[in-house]
2 protein chains.
Amino acid sequence: MENTTYQKWLAQLRKGYLELCVLTVLKQKESSYGFEILQTLEQAGLPINEGTLYPLLNRMFKNGWLTSHWVTPSEGGHPRRHYQLSDDGAELLPSMLDTFQNNQQALDKLRDLK
Amino acid sequence: MENTTYQKWLAQLRKGYLELCVLTVLKQKESSYGFEILQTLEQAGLPINEGTLYPLLNRMFKNGWLTSHWVTPSEGGHPRRHYQLSDDGAELLPSMLDTFQNNQQALDKLRDLK
DNA sequence: ACAGAATACTATGCAATGCAAAGTATTATT
DNA sequence: AATAATACTTTGCATTGCATAGTATTCTGT
């Protein structure tokens with residue numbers, strides 16, 4: 001109740017940041033799919049909504065940051081849409097990490113004011 | 001040109017983060033006003049738009065995170081709208097810092113995958 | 001004295017995204 | 001047969017960074 005505006009703020013803080021996280025996961029795993037990424041993020045302490053991740057992957061794909069192909073598991077089960085970093089995505093990731101860390105440093109500076 | 005989607009991403013990454021920065025500035029300075037905050041952020045490596053900051057201050061005020069009063073400088077000049085942290089804002093700031101640092105840690109975990 | 005820059009705040013409208021919610025399918029478990 | 005788990009899609013809402021334009025005062029250079 002009293003925390004409503006804080007909850008809203010949490011959602012805002014994830015904007016942009018989630019893209020960085022997903023690119024990082026795909027760099028580490030080389031190839032992964034929605035459901036697995038969802039679990040990986042949760043294990044790293046970032047539980048996010050299905051309705052957040054799937055559209056996100058789609059947007060990143062449309063941006064040309066990812067490539068994608070369908071995989072039907074040989075052991076059976078629901079087909080999975082796998083994603084990998086594209087060349088553009090791989091090139092972007094270091095800049096994004098840089099920006100994120102610069103933000104961290106800017107905040108540290110502000111905390112040291114006066 | 002090729003960077004358009006990256007520029008958009010930069011704007012997204014600032015959502016939520018800017019609020020944390022402004023709260024931090026106001027904690028350090030105890031009281032400040034729009035134009036000064038603008039310059040403080042720029043000096044910390046965060047140049048932001050007027051049209052971003054003033055509405056942001058207004059929203060934070062409406063959320064009850066800040067208090068505000070007008071000050072006419074004794075040395076003359078344009079009247080300034082000063083802001084300070086409210087009790088709610090002061091209480092919120094540590095939680096926000098915590099969340100931000102947890103995000104940093106989550107990203108570090110992801111970079112260590114496998 | 002006048003023009004422009006710097007200071008300082010307000011208001012409007014757009015684009016982008018996290019999330020809730022509901023839906024579709026398949027496979028595994030009980 | 002029913003439920004849960006796996007796996008992806010789609011719609012609509014609320015929020016926010018930014019571009020842009022507008023208002024007003026003071027200071028600087030010529």
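Each chain gets a letter, A, B and so on, in the order its sequence line appears, and its residues count up from 1.
- Across all strands, A/Leu38 comes closer than 4.0 Å to no nucleic acid atom at all (heavy-atom distances).
- Both A/Pro47 and A/Pro79 lie near DNA chain C, and the one whose nearest nucleotide falls closer to the 5' end is A/Pro47.
- The residue A/Leu56 sits close only to the backbone: its heavy atoms come under 4.0 Å of sugar-phosphate atoms, none of a base.
- A straight line from OH of A/Tyr54 to C1' of D/dC8 spans 5 Å, rounded to a whole angstrom.
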query: What pattern of brackets, bars and dots sums up DNA chain D from 5' to 3', given Watson-Crick or G-U wobble pairs under 3.5 Å, [ ] for crossing pairs and | for another strand?
result: ||||||||||||||||||||||||||||||
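- No hydrogens or angles were tested; on distance alone, a donor-acceptor pair under 3.5 Å links the side chain of B/Glu50 to the base of C/dC9.
- Distance check: A/His82 NE2 to A/Lys29 NZ gives 10.5 Å after rounding to the nearest 0.5 Å.
- As judged by a 4.0 angstrom heavy-atom cut-off over every strand, A/Pro55 is placed among the base-contacting residues.
- Side-chain heavy atoms closer than 4.5 Å link hydrophobic residues (I, L, V, M, F, W, Y) into clusters, and following such links, even through other members, never connects A/Val22 to A/Val71.
- Between B/Pro47 and B/Leu41 the shortest side-chain heavy-atom distance does not fall below 4.5 Å.
- Between A/Trp65 and A/Arg59, the closest side-chain pair of non-hydrogen atoms is not below 4.5 Å.
- Taking the ring axis of B/Phe61 as reference, the NZ or CZ atom of B/Arg81 stays within 45° of it and closer than 6.0 Å to the ring centre.
- Residue B/Gln101 places its CD atom among more than 12 non-hydrogen atoms of other residues, nucleotides or ligands, all under 6.0 Å distant.
- Among the heavy atoms of the strands lying under 4.0 Å from A/Glu19 are primed sugar atoms or P, OP1, OP2 only; no base atom is included.
- Counting non-hydrogen atoms under 4.0 angstrom, B/Gly34 reaches the backbone sugars and phosphates but no base.
- Nucleic acid contact class of B/Trp9 (heavy atoms, under 4.0 Å, all strands): none.
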